[in-house]
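Note sheet for the following structure.
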Amino acid sequence: VKNISILPTSVFFGEEAYQQLHIFYHKRYLSNIFILVDSNTREHCLPYLHGRVTFLRKAKIVEVPYGEKEKNIQNCIKIWKEFEKQNSDRKSLLINLGGGVVSDMGGFSASVFKRGISFLNIPTTLLSMVDASIGGKTGIDFNGIKNEIGLFKEAELVLIDLNYLKTLGKRELKSGMAEIFKYGLVADSSFWKEINILSNNLIGRSFIERSIFLKTRMVRIDPKEKFGSRKILNFGHTIGHAIETFFIDRHSPISHGEAIAFGIICESWISWKINCLTEKQYDEISKNISNTYPIKEIDQKTTETLLSFMRNDKKNEVGKICFSLLRTIGDCYYDKKVGDVIIQESLEQLKKFIKNN
Ligand code: NAD
């Protein structure tokens with residue numbers, strides 16, 4: 001993997017990340033510091049952070065339960081109440097120590113409290129290192145819809161330390177890999193090739209840097225998803241988010257990345273059917289993704305529910321479900337309106353991958 005030197009100026013790795021945190025602390029006159037954790041990152045990540053950064057031992061810890069269904073307004077209220085209890089003001093700082101749930105919800109809570117206090121992200125999952133902690137999207141799920149409430153606000157610093165990944169389960173590591181696969185598919189065919197050769201070992205720093213580089217390149221052109229190019233990053237997410245939402249309330253919720261894997265297969269199939277991607281390319285993508293992730297069958301009733309979720313997607317226009325689709329591997333376009341029938345068919349064809357798992 002090529003060395004990438006063009007990372008956002010706010011993103012730092014390893015030792016340098018901790019140095020930057022010290023500089024930040026000494027440059028700012030902070031009134032108080034909060035660390036947002038979920039129950040898992042409190043156990044697995046907070047002791048390590050306290051060991052690395054002694055001044056953070058005095059910080060107030062705000063804990064929320066883990067999991068996507070906790071990315072909600074009740075937990076924001078809990079965070080705001082903690083801010084108030086400590087007489088927080090505009091010079092308060094929130095550090096989000098966790099995966100995408102913590103950084104999305106913490107970023108949102110900090111950005112609207114007293115019209116905005118500073119926040120930093122210390123991502124502790126692969127997915128949040130390569131995706132959720134970067135690019136300024138913050139928010140919560142509301143009324144059964146993912147990321148329904150939120151705003152764009154970049155973390156002032158993103159501090160990446162691969163040591164946090166040591167306690168992360170295999171399933172969560174794979175979840176992050178789905179977004180790495182996506183970057184290759186939408187923006188860099190040679191990256192896609194490299195990923196597939198090394199697919200069990202994507203957690204090295206160079207893969208993470210390359211992913212951040214690709215994401216940042218698109219976000220810089222279109223930070224608020226207004227002109228469109230940022231929408232490319234939503235490839236796999238129209239169907240993927242609907243599937244993730246559907247499984248949130250089940251006994252066995254699936255990870256964000258597993259849902260995106262379903263989305264990538266279905267949306268690659270749609271890309272092929274509307275004559276962009278070749279059948280060979282679709283086969284290559286679906287084979288690699290279905291070998292990495294468990295694919296479940298989606299029955300007719302579930303398909304109806306998924307379509308109703310997709311109708312609520314923020315990317316839609318004049319009531320039509322809009323997709324970002326592949327032109328070829330490494331090139332993606334957006335705002336393609338797709339009819340219900342072809343979406344249903346794309347979900348039905350998932351069946352053929354079930355035998356393989
Ligand atoms: P997550 O935050 O729920 O973390 C996954 C699980 O791993 C949780 O149970 C968590 O407690 C646990 N965990 C986290 N770090 C750990 C560690 N070091 N050791 C042990 N356990 C640990 O989920 P995620 O996959 O990181 O992120 C998914 C969320 O991110 C979704 O809500 C998604 O919508 C959001 N997201 C946001 C963006 C964005 O641009 N803002 C992009 C992609 C995804």
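Along the sequence shown, residues carry numbers from 1. We count ligands from 1, going down the list as the structure has it; atoms in each ligand are counted the same way.
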- Counting heavy atoms under 4.0 Å, the part of H44 that contacts ligand 1 is side chain
- Query: Under 4.5 Å between side-chain heavy atoms, hopping through other hydrophobics if needed: is there a path connecting M218 to I221?
  - Reply: no
- For ligand 1, the portion of K215 having any non-hydrogen atom under 4.0 Å away: side chain
- Query: Side chain, backbone, both or neither: which part of L127 comes within less than 4.0 Å of ligand 1 when only heavy atoms are counted?
  - Reply: side chain
- Run the contact test for C45 against ligand 1 with a 4.0 Å cut-off on heavy atoms, strictly below, and give the result. yes
- Query: Do ligand 1 and T124 have nitrogen or oxygen atoms that lie under 3.5 Å from each other?
  - Reply: yes
- Query: Between E244 and ligand 1, is there a nitrogen or oxygen pair with a distance under 3.5 Å?
  - Reply: no
- If you measure every N/O of T41 against every N/O of ligand 1, is any gap under 3.5 Å? no
- If you measure every N/O of S128 against every N/O of ligand 1, is any gap under 3.5 Å? no
- Message: Classify the ring geometry of F353 against Y282: parallel below 30°, tilted from 30° to 60°, perpendicular beyond 60°.
- Response: perpendicular
- Task: Kindly confirm or rule out an N or O of T138 lying under 3.5 angstrom from an N or O of ligand 1.
- Result: no
- Query: Do F83 and F34 have their ring centres less than 6.0 Å from each other?
  - Reply: yes
- Query: For atom 34 (O) of ligand 1, which candidate among K166, E258, K146, H256 provides the closest heavy atom?
  - Reply: K146
- Message: Once you restrict to heavy atoms under 4.0 Å, what part of L168 touches ligand 1? Side chain, backbone, both or neither.
- Response: both
- Where does D141 meet ligand 1, judged by heavy-atom distances below 4.0 Å: at the side chain, the backbone, both, or neither? neither
- Query: Do you reckon F119 sits in the same ILVMFWY cluster as W80, going by side-chain contacts under 4.5 Å, direct or chained?
  - Reply: yes
- Message: Check this for me - ligand 1, T125, N or O atoms closer than 3.5 angstrom, yes or no?
- Response: yes
- Number the atoms of ligand 1 from 1 as they appear, then name those within less than 4.0 Å of a heavy atom of Y66, with their elements. 9 (O), 11 (O)
- Message: Test your reading of the structure: does Y164 have an N or O sitting under 3.5 Å from an N or O of ligand 1?
- Response: yes
- Message: So that I can tick it off, tell me whether K85 and E82 are bridged by a salt bridge, with the cut-off set at under 4.0 angstrom between side-chain N and carboxylate O.
- Response: yes
- What part of E68, side chain, backbone, both or neither, has a heavy atom within less than 4.0 angstrom of ligand 1? side chain
- Query: F55 and Y25: aromatic ring centres closer than 6.0 Å?
  - Reply: yes
- Query: For ligand 1, is there an N or O atom under 3.5 Å from any N or O atom of V101?
  - Reply: yes
- Message: Can you report which non-hydrogen protein atom sits closest to atom 35 (C) of ligand 1, along with the distance?
- Response: D104 OD2, 3.4 Å
- Query: Does the pair E258/K296 count as a salt bridge with the N-to-O cut at 4.0 Å?
  - Reply: no
- Message: Taking E179 first and then K215, would you say they form a salt bridge - that is, a charged N and a carboxylate O separated by under 4.0 Å?
- Response: no
